[in-house]
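All remarks here apply to the structure that follows.
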Amino acid sequence: MAEEPPTKRKCLGVDCENDASSLQCPKCLSLGIKDSFFCSQDCFKKNWGTHKNVHKQENSILSRIFPPNVVSKPDPDTGYFNPFPTFRFTGSLRPVYPLSEKRVVPKSIPHPDYSEDGIPKLGRSIVRANKAEQLDAKAQEGMRKVCRLAREVLDIAAATIRPGITTDEIDATVHKACIERNSYPSPLNYNHFPKSVCTSVNEVICHGIPDNRILLDGDIVNLDVTLYHEGFHGDLNETYYVGDRAKADPDTVRVTETARECLEEAIKLVKPGTLIREFGNVIEAHAKSRGCSVIRTYVGHGINKIFHCPPNIPHYAKNKAVGECKPGMTFTIEPMVALGKYRDVTWPDNWTSTTIDGKKTAQFEHTLLVTETGVEVLTARQKDSPGGPVPMPAETSPETTNGTK
């Protein structure tokens, strides 16, 4: 979408005499509709009411039966393409390839064990497979430091969010901020993940791969940042509103703020002796009270010198998780909440996980340290952190899911 259109191409806006810029309708791009360029974001929004009729034919019954009409090789005008043209996507989001080149981390920065071959080795001992580590005072300080840096990086990335930016540009910002803090972006090449941050938009539950799709006014996007610094990983994520339209949509606000509140309610329980399985009971009860469901496939996890380790922390009720909180344990709680059904579908990239019905989903995550008397939120928001709560609509008509599949 950053490619310049051919010279003398006119804006598609009604009665607009301006030449087109590089801004092309993302929906047209995902559907393989060419030459849908506009002169500006304002002109595009002004003409959306009439322009969206162009999409109707592509969204007809026939397009549900036959493969979507998208290009599987680079478009000659834009250079972009959908790499999975026959995949039955659950929502409107489409990948916009090609991906940028793998970003490089200087060798002077300590790398995790998977940085070269993509295969994590630490924490795979069968003997201690379910043992949650309790960190000593020195290790706890290491976790405090990396989590503070991770918060800084997330806040820097979040400050760039606006309609028109691509998720790949956000990835570049995250990567640069990690390097500036002498840190390795933990997702990079972890089990072959190709980027430095996960960017999950709208119906994407988690593990979205940054690409060339631009963010639109009305989207929500989750940024999942993890840093590896001086031998420790620090992990957090937040969901952000893109533009004023997102904040004005009651359902978008409901799912986003419900996810935020679910994490806050769960954190209140963290203290020595709390059973790991209890978090899911509180999270699902609150999500259901807002007419939302809780994703069951993905869990919170232990984190320290190892990116993902025991304990596993489910976010749904009546789970069978074993263990209890003990002083010195560090782990994440990261509930994923959906407007519709809780089941998920993974794209052919083997990473991007979306809701089965294409409805929006939101997530929030903190890395937590269990103390002798309670909990320390290692990745806590700062006074100047971007984002933050938006008032829940006074009256909503939530679609009660009751956790249906």
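Residue indices begin at 1 and follow the sequence shown.
- Between the side chains of Asp168 and Asn212, no donor N or O sits under 3.5 Å from an acceptor N or O.
- For the pair Thr78/Gln24, a side-chain contact is recorded, criterion being any heavy-atom separation below 4.5 Å from C-beta on.
- Put simply, the side chain of Tyr240 reaches to within 4.5 Å of the side chain of Leu154, judged on heavy atoms.
- Side-chain contact between Ile179 and Val105 is present, with at least one heavy-atom pair separated by less than 4.5 Å.
- Aromatic ring centres of Phe84 and Trp347 lie farther apart than the 6.0 Å criterion allows.
- Counting non-hydrogen atoms of other residues, nucleotides and ligands closer than 6.0 Å to CG of Asp244 gives a total of 12 or fewer.
- For the atom pair CD1 (Ile313) and CG (Asn319), the distance works out to 10.0 Å, reported to the nearest 0.5 Å.
- In this structure, Arg103 and Asp171 have side chains that are in contact, with non-hydrogen atoms separated by less than 4.5 Å.
- Between Glu230 and Lys145, at least one side-chain N (NZ, or NE/NH1/NH2) sits under 4.0 Å from a carboxylate O, which counts as a salt bridge.
- One finds no salt bridge joining Arg245 and Asp249 here, because no Lys/Arg side-chain nitrogen approaches an Asp/Glu carboxylate oxygen to under 4.0 Å.
- Thr258 and Glu261 share no donor-acceptor pair across their side chains, judged by distance under 3.5 Å alone.
- With salt bridges taken as basic N to acidic carboxylate O contacts below 4.0 Å, one links Arg381 and Glu238.
- Counted within 6.0 Å of NZ on Lys102, heavy atoms from surrounding residues, nucleotides or ligands total more than 12; the atom is thus considered enclosed.
- To the nearest 0.5 angstrom, Lys195 atom NZ is 9.0 Å from Ile209 atom CD1.
- Using the six-membered ring where Trp is involved, His233 and Tyr228 have ring planes that are tilted, between 30° and 60° apart.
- Counting non-hydrogen atoms of other residues, nucleotides and ligands closer than 6.0 Å to CZ of Arg277 gives a total of 12 or fewer.
- The closest side-chain heavy-atom distance from Asp235 to His301 is below 4.5 Å.
- Judged by distance alone, the side chains of Thr379 and His366 do bring a donor and an acceptor atom under 3.5 Å apart.
- A pairwise comparison of heavy atoms in Val221 and Val201 identifies CG2-CG2, 3.9 Å as the closest pair.
- Glu133 and Lys326 are not joined by a salt bridge, as no carboxylate oxygen comes within less than 4.0 angstrom of a charged side-chain nitrogen.
- Atom-to-atom distance recorded for Asn202:CG and Ile205:CD1 is 12.5 Å, nearest 0.5 angstrom.
- Remark: Asn281 pairs with Glu278, Ala317 by the side chain to side chain contact (heavy atoms under 4.5 Å, CB included) rule, at least two apart or across chains.
- In this structure the side chain of Ile165 reaches within 4.5 angstrom of the side chain of Thr160, judged on heavy atoms.
- Side-chain rings of His308 and Tyr190 approach one another, their centers coming within less than 6.0 Å.
- Note: Lys341 NZ to Lys359 NZ = 8.5 Å, rounded to the nearest 0.5 Å.
- Taking 4.5 Å as the limit, every side-chain heavy atom of Phe331 sits out of range of all side-chain heavy atoms of Leu369.
- Salt bridge present: Glu284 and Lys288 bring a charged side-chain N and a carboxylate O closer than 4.0 Å.
- Between Tyr114 and Tyr184, the angle of the ring planes goes over 60°, which puts this pair in the perpendicular group of the 30/60° scheme.
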Using atom types as modelled, flag every donor-acceptor pair under 3.5 Å from a side chain in residues 262-274 to any protein atom, sequence neighbours excluded.
residue: Glu265; atom: OE2; partner: Lys268; partner atom: NZ; Å: 2.9
residue: Thr274; atom: OG1; partner: Leu269; partner atom: O; Å: 2.6
residue: Thr274; atom: OG1; partner: Lys271; partner atom: O; Å: 3.4

